[in-house]
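In what follows, a structure is listed as structure tokens, so that the remarks can point back to it.
Quick note on labels: first sequence line is chain A, next is B, and so on, each numbered from 1. Since the model is a prediction, treat every value here as computed from it, not as a measurement.
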There are 2 protein chains.
Amino acid sequence: GTGADNDLYINQAIVFIEDAIQYRSINHRVDSKSLWLYRWYYSRTCQWILSLTITVILALAFIEKPSSLTITSDVRYRPPAWNPPCGLTESIELLCFLVFIVDVSVKSYLIGWEEFWKNKWLLAYILTLVVSVTDWIVSLSFFCTEDVRIRRILRPFFLLQNSSMMKKTLKSINSTLPEMASVVLLLAVHLSLFTMFAMLLFARTKDGQQDKEWVGYFRNLPDSLTTLLVLLTTANNPDVMIPAYSKNRAYSIFFILFTVLGNLFLMNLLTAIIYNQFRGYLLKSVQSSLFRRRLGIRAAFEVLSSLKETPANAQQSYVSVRALLQVLQKVEMDSRCKQAIMRSLKMCSCDQLSAAQFQKLFEELDKDAIKQHPPSPQYQSQFMQKIQFAFGHPCFGYLGNVVALANIVSICVVLVMDADKQPSERDDFFLGAINCFFILYYLLEMLLKILAMGLKRYLSYPSNRFDGLLTVILLVLEIATFAVYGFPHPGWRPEFMGLLSLWDMVRLVNMLIVFRFLRIIPNMKFMALVVTTLLDLVKNLRAFAGILVVVFYAFAITGIMLFKGAVVPMGNIRYVGNKHSTSWPFFNLSNFMVDLVLGGCRESQCDFVALFGHFQADVIYYLLYLLSVNLICRWAKIYFVAWWLISSVIWVNLFVALLLENFIHKWDRRCHREPLSDIEYQRTVELMFRDVLEEPTEEELMEKLHQHPHLQLCR
Amino acid sequence: GTGADNDLYINQAIVFIEDAIQYRSINHRVDSKSLWLYRWYYSRTCQWILSLTITVILALAFIEKPSSLTITSDVRYRPPAWNPPCGLTESIELLCFLVFIVDVSVKSYLIGWEEFWKNKWLLAYILTLVVSVTDWIVSLSFFCTEDVRIRRILRPFFLLQNSSMMKKTLKSINSTLPEMASVVLLLAVHLSLFTMFAMLLFARTKDGQQDKEWVGYFRNLPDSLTTLLVLLTTANNPDVMIPAYSKNRAYSIFFILFTVLGNLFLMNLLTAIIYNQFRGYLLKSVQSSLFRRRLGIRAAFEVLSSLKETPANAQQSYVSVRALLQVLQKVEMDSRCKQAIMRSLKMCSCDQLSAAQFQKLFEELDKDAIKQHPPSPQYQSQFMQKIQFAFGHPCFGYLGNVVALANIVSICVVLVMDADKQPSERDDFFLGAINCFFILYYLLEMLLKILAMGLKRYLSYPSNRFDGLLTVILLVLEIATFAVYGFPHPGWRPEFMGLLSLWDMVRLVNMLIVFRFLRIIPNMKFMALVVTTLLDLVKNLRAFAGILVVVFYAFAITGIMLFKGAVVPMGNIRYVGNKHSTSWPFFNLSNFMVDLVLGGCRESQCDFVALFGHFQADVIYYLLYLLSVNLICRWAKIYFVAWWLISSVIWVNLFVALLLENFIHKWDRRCHREPLSDIEYQRTVELMFRDVLEEPTEEELMEKLHQHPHLQLCR
């Protein structure tokens with residue numbers, strides 16, 4: 001009937017508008033039941049459950065068998081790790097798989113059968129699930145004693161497929177690969193030619209004294225290749241050239257040539273290529289988001305205009321205001337935007353909206369949210385007004401900064417004076433007294449500011465919130481200290497009492513004071529610019545970081561599987577061999593994150609930190625050094641070189657490219673918008689590019705709408 | 001008289017056109033005598049003498065007193081250096097000063113008195129000369145025994161002031177300084193806040209076992225600062241965090257936070273800022289060169305149009321073709337351009353040239369020199385024609401590449417097989433025989449190519465020249481080997497004879513063969529692009545490299561003066577102290593280039609290589625490590641940190657910025673010009689930007705001309 005039809009149209013419009021708000025694709029089924037399912041699937045609860053499931057399945061690795069999440073990383077002192085009984089992690093896993101199966105079914109159903117076959121991500125998702133479940137069954141039938149668990153390597157895929165940003169980024173990276181491969185090929189040619197040169201140049205001589213270089217670095221082909229590869233990371237520079245150089249200065253020419261060509265030119269060329277490919281990346285991604293938003297709004301308009309109550313009009317389609325209001329009631333969106341749209345609708349006296357008017361209404365979504373700070377309280381008394389003027393003035397804020405600086409300086413002085421004292425000689429009185437005074441000042445400052453601005457206005461500034469929170473924490477700590485240890489007096493060195501010693505309390509207070517000093521950031525223009533750039537960057541980097549996590553995880557699990565039991569603690573020195581030696585599961589994830597390992601392991605502790613270290617190219621030195629000294633197989637070498645290429649070379653370059661892109665846009669914009677800088681905008685990436693973005697044309701939108709696989713437009 | 005006037009105008013025109021060709025400013029005196037002086041000053045001989053003088057005065061440091069230019073860099077084996085007698089280097093210096101005095105006088109005279117006072121470079125030049133000469137006199141009056149020689153630090157200024165490109169670049173760098181300073185300030189804040197945090201976090205504890213981190217890295221304020229500064233260069237990562245990390249994994253958060261903020265964000269921000277500032281740098285510089293060229297041509301036109309023989313024309317000025325021909329005869333310029341201009345002049349039937357026509361004639365200067373390869377010889381015999389077709393075909397070249405590759409592979413195989421053999425067991429027969437065969441093939445290839453292409457055409461390709469030269473050298477070496485050691489046979493291991501042993505000969509041949517393999521570069525598209533980018537970059541980098549040399553030199557001399565006698569070789573370990581210990585002049589230039597030193601010095605040798613190492617940030621680790629371990633004063637620390645900032649941070653970032661700029665332009669252009677890629681252009685930086693450059697307008701040119709301080713235009 002017509003009523004049912006109208007309801008359907010209204011529901012479609014609601015979903016399309018929500019799609020537009022969330023920048024989602026509108027290519028899904030649009031019948032009543034599917035719409036209900038769609039809204040349910042994208043409801044906050046469902047998405048939250050999905051994210052939680054992904055987190056849980058990824059986190060499982062930390063408690064699964066080869067794991068030891070302990071406080072110390074030193075294998076000598078580490079207590080044996082807790083091994084969960086067989087079936088515990090497996091049943092959690094099964095739950096996760098069930099959620100994923102529901103997820104993939106709903107997704108597949110919603111985009112429809114025909115689209116499903118075209119969607120490679122969904123197919124890969126199903127394949128991954130099938131493999132994982134099979135592996136799970138095998139695992140259970142062996143009572144968890146099997147060695148290889150393929151499903152663990154596949155886990156990060158669940159994270160990947162759930163984020164459209166990550167998929168998009170991966171596509172971008174993929175398109176850069178051919179050029180990157182060319183440079184990597186060049187590097188390989190460079191490396192191999194120089195290796196041959198080196199082997200000829202530093203050949204074994206008859207005089208054993210003369211060939212230190214040969215003995216140390218160029219004994220055979222793999223050694224030479226490793227040496228030069230490490231030189232490319234600059235880690236063994238200049239050690240590697242010292243023996244030859246001390247024989248004859250001219251040998252340095254070889255090394256300098258190699259480093260200049262490889263390090264200065266080819267490596268930076270990689271940066272240039274990646275930057276060149278990514279120059280348009282942000283803009284393109286924002287442009288396509290804009291297109292999705294306009295398309296959603298337009299689709300909503302089209303379905304609303306097919307409502308039967310609207311008088312048929314041959315020339316142009318219209319949407320009645322009443323219908324739109326009905327839709328808006330039910331749409332889930334930011335309440336500020338909703339109110340703004342309602343207001344504009346009421347102000348517009350017309351009864352019907354054209355497509356352009358409709359689109360215009362929703363431009364509110366793209367706008368900066370201009371933040372209105374609540375007004376200061378109006379005091380009657382002249383004295384209060386004066387106080388308000390004095391303490392609401394920016395100068396009072398500056399004074400606060402100066403006092404904070406003075407506090408830092410005083411702490412610094414005490415630290416320098418106490419540096420060489422024994423802990424037993426230390427007198428905490430001076431620091432205690434000083435901090436007491438400063439914390440009182442901070443409290444006073446906060447109270448006066450609240451008095452001048454009113455609590456609401458005070459809290460509406462992020463810097464005040466930061467300030468206030470820290471002041472309150474400091475106050476609590478200080479009161480706790482006095483309660484436990486009494487008031488400070490000369491020779492104030494009480495015994496340990498309660499949770500923390502006095503010295504620890506004082507240190508904690510001091511750290512918080514140092515941290516509080518960051519409140520000066522918004523007062524320094526250039527710093528503020530840098531900080532906002534960084535924050536923007538962090539937003540844009542989420543997709544990259546996600547991909548990094550995926551790669552990281554896969555590498556870690558592969559490493560655990562490859563090197564299981566290969567590293568054994570032997571007294572103080574860890575013995576690294578390729579033998580299947582004993583049961584000690586060195587490679588485990590908590591501890592892996594551990595070690596794409598060996599990285600930082602000078603002694604017998606190394607970990608996640610080591611992996612992080614890998615971002616710094618030089619750490620690979622120790623790695624490759626250890627690799628060449630110890631008996632590690634070729635495969636491990638390849639594994640580590642691959643990790644170096646991905647983490648240290650490619651990812652860091654991607655990061656630099658994004659930073660350049662972001663910063664240059666920001667910088668240009670800063671110059672344009674100087675006069676407006678007083679107003680606080682809540683900036684989004686979309687807004688950064690607003691001046692450059694192209695609005696999609698009517699034709700493009702309509703063409704796209706007519707290609708919709710499930711929506712039949714009347715006209 | 002009119003004749004004299006005409007001669008003057010002709011001479012002026014000649015000089016202006018030469019100015020235009022060399023992109024020189026035309027703001028100099030234009031009377032007859034000055035013009036003669038000007039042409040003399042800019043003649044090749046004069047400029048060559050000036051360059052030579054600069055080279056000589058800079059090179060003096062290598063033989064001056066604290067110097068030891070020896071083959072080995074090992075202080076233990078180094079023979080005592082040759083000390084020139086007092087007065088030798090001083091008299092050379094005096095000669096150089098005289099040349100500079102002439103130079104500055106001529107320059108000052110030529111630009112005229114008024115301009116002279118505005119020109120800060122000239123004033124600084126004079127000041128430098130005065131100080132240098134005074135210092136020279138002091139030096140002589142002490143019979144060369146004085147310690148401090150200020151004039152040595154001032155020397156690089158002579159290099160700086162002689163290059164307009166370097167002056168321009170310096171100005172650019174100067175304009176980037178405020179932004180760079182902001183980031184460096186940020187870095188300083190970052191560093192100092194984290195230092196305080198670290199000192200509070202890793203404070204001395206009562207339990208001596210627990211504070212390894214404190215003992216090792218955070219003992220006091222300077223130590224902590226140094227540790228974190230070095231961490232910023234990633235050199236002591238992850239060593240620095242291992243003690244704390246092995247106590248509690250959570251400590252890694254501190255280090256990760258520090259490294260991510262400092263290294264990943266702030267350091268790359270510096271890159272972004274420098275790139276942002278330099279984005280327009282190349283374009284702007286090329287644009288101003290173009291303006292100078294157009295201005296010179298226009299000035300020539302204006303003076304020629306004032307020639308009395310030209311009929312006065314109220315509307316427009318003209319230049320007679322005859323006068324222009326007369327000028328062209330005397331102008332010193334590339335003969336190809338001259339002929340092309342003459343040809344166009346003859347083809348143009350008119351007798352008078354307007355300003356536009358005149359300008360157009362000289363556009364020949366901006367054009368690509370399209371290289372015409374000489375034609376192949378025409379053979380009569382059909383057999384010869386077939387041979388010509390076969391061996392002139394590109395496939396024959398590819399075959400040559402394949403053979404070269406096969407040769408390399410064979411060498412590589414032999415190297416791998418021989419890697420572990422004692423030199424006495426080695427049999428040179430196999431390599432000798434193989435190389436003999438391959439060299440014969442190369443010879444044959446060369447001869448056949450010459451037969452097919454003719455000698456001239458063969459030599460007109462750079463790749464063939466490279467190829468042929470190496471083949472000839474290889475042949476000569478091979479013949480020499482056979483002449484001395486006889487033909488190879490199994491067990492071919494003759495005793496040492498002549499200049500080089502057989503093994504050395506074979507190695508040399510092999511190295512040349514590896515080098516010859518580079519002929520494949522032009523056959524690989526991406527490689528060719530990269531190589532041309534690099535060559536362009538080298539051209540554009542000359543100014544930067546010059547500035548680097550200036551900074552380098554100044555640092556080296558300062559270092560020599562600061563640390564004179566501070567480093568003493570003691571057996572195997574070099575003792576570094578701040579005491580004025582003994583006479584051994586460790587810091588000397590040849591040997592300094594040596595050591596902004598200590599850098600690479602693990603043992604007792606280190607040098608120029610060490611300095612080069614500094615470009616790799618991590619070397620500073622050893623440096624600062626040594627600094628903190630040994631008793632070196634604060635000033636040395638500041639000196640080294642300054643050097644690190646300039647060489648490793650700023651210069652490398654400038655390099656990256658230039659590379660990005662160059663590469664991105666090149667890349668864009670490659671996409672546009674794909675179809676034309678067969679023609680060989682002799683590309684210059686100017687041409688790279690031709691599509692983007694703006695032609696200066698008539699008004700701009702005339703306004704500039706009327707501002708000329710010495711030229712009075714009639715109208």
Is chain B contacted by the side chain of [X], its backbone, both, or neither, given a heavy-atom distance below 4.5 Å?
X: A:L508; result: neither
X: A:L186; result: side chain
X: A:F517; result: side chain
X: A:V189; result: side chain
X: A:F265; result: both

Residues in side-chain contact (heavy atoms from CB on, under 4.5 Å) with A:M511, at least two apart? A:R507, B:F197, B:L200, B:L201
Which atom names give the shortest non-hydrogen contact between B:L232 and B:N263, and what distance separates them? O-OD1, 3.0 Å
Nearest atoms (heavy-atom pairs only) where B:C412 meets A:M196: N-CE, 3.8 Å
Best-contacting candidate, A:L269, A:V416, A:V656, against chain B by heavy atom pairs under 4.5 angstrom: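 If we count pairs closer than 4.5 Å to chain B, A:L269 comes out on top.
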Max heavy-atom pair count under 4.5 Å with chain A, selected residue of B:T195, B:I411, B:I273, B:L185: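 Answer, by heavy-atom pair count under 4.5 Å with chain A: B:I273.
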When the ring planes of A:F202 and A:F254 are compared, do they come out parallel, tilted or perpendicular, using 30° and 60° as the limits?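 Because their plane-to-plane angle is over 60°, the rings of A:F202 and A:F254 count as perpendicular.
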Can you say whether the rings of A:F255 and A:F218 are parallel (under 30°), tilted (30 to 60°) or perpendicular (over 60°)? tilted
Checking A:N268 now: which residues fulfil side-chain hydrogen bond (donor to acceptor under 3.5 Å, both in side chains) with it, not counting sequence neighbours? none
